Amino acid sequence: MARHDHHLHHGESLRKAAQERLTQRGEQWTAMREAVFEALAGFGKPASAYDIAEAVSRTKGRRVAANSVYRILDLFVNSNLAMRVESANAYVANQHPECLHDCIFLICDTCGQTTHLDDDSLTGGVRQAAASAGFAASRPVIEVRGKCGDCN
Ligand SMILES: [Zn+2]
Ligand SMILES: [Zn+2]
Ligand SMILES: [Zn+2]
């Protein structure tokens with residue numbers, strides 16, 4: 001996959017793109033899944049399943065178990081609606097649900113703000129290096145910790 005311009009969605013447009021992607025995959029966009037996605041997208045930085053369960057519990061006015069949120073996040077990751085940020089043990093909404101990339105995350109150690117880059121030539125190089133070592137890479141994880149522009 002070469003470098004290209006793709007659209008990064010926000011707000012209502014992000015919710016719509018996520019819904020389209022999930023239903024295209026034959027999955028239902030249920031009220032609970034929508035609530036989890038809205039909470040995830042609303043954080044603006046990596047959120048754990050517990051953070052999201054708290055947020056959904058508040059909006060729904062009833063206790064939502066972290067376990068059921070975790071299952072939905074799992075579905076979101078497998079459907080390209082969310083990404084797991086391994087070094088933060090948390091999730092972010094994927095701003096390009098219709099477009100598949102090995103996103104490179106930049107995580108601020110001071111404020112937690114996370115942005116990302118899509119550079120398939122970089123991640124492709126990692127996949128290639130793995131392949132030439134006889135390793136089938138399903139998901140290269142490249143995360144950069146440091147200070148964001150606001151904190152620096
Ligand atoms: Zn793209
Ligand atoms: Zn990306
Ligand atoms: Zn920062």
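Atoms within each ligand, like the ligands themselves, are counted from 1 in listed order. The first residue in the sequence is number 1, and the count goes up from there. Any value given below was found using the heavy atoms of this structure, including those in side chains, with hydrogens, waters and symmetry copies removed. Computed from a predicted model, the values in this text were never measured in an experiment.
Residue His96 does not count as close to the Zn ion (ligand 1), with no N, O or S atom under 2.8 Å.
Vertex the Zn ion (ligand 3), arms ending at SG of Cys148 and SG of Cys108: the angle is 110° after rounding to 10 degrees. At the Zn ion (ligand 1), the vertex angle linking NE2 of His101 with SG of Cys99 is 100° (nearest 10 degrees). At the Zn ion (ligand 3), the angle from SG in Cys111 to SG in Cys151 is 110° when rounded to 10°. Geometry about the Zn ion (ligand 2) gives an angle of 120° between OD1 of Asp118 and NE2 of His116, rounded in steps of 10 degrees.
Side-chain contact between Arg21 and Asn80 is present, with heavy atoms from C-beta onward closer than 4.5 Å.
In terms of distance to the Zn ion (ligand 1), the nearest N, O or S atom of His6 is named ND1.
In the model, His101 has a side-chain atom that pairs as donor or acceptor with a side-chain atom of His6 under 3.5 Å.
A perpendicular orientation is assigned to the rings of Phe37 and Phe76, their planes being inclined by more than 60° (bins at 30° and 60°).
Using a cut-off of 4.0 Å between Lys/Arg side-chain N and Asp/Glu carboxylate O, Glu38 and Arg33 are scored as not salt-bridged.
Within a 6.0 Å radius of NZ in Lys147, other residues, nucleotides and ligands contribute 12 heavy atoms or fewer.
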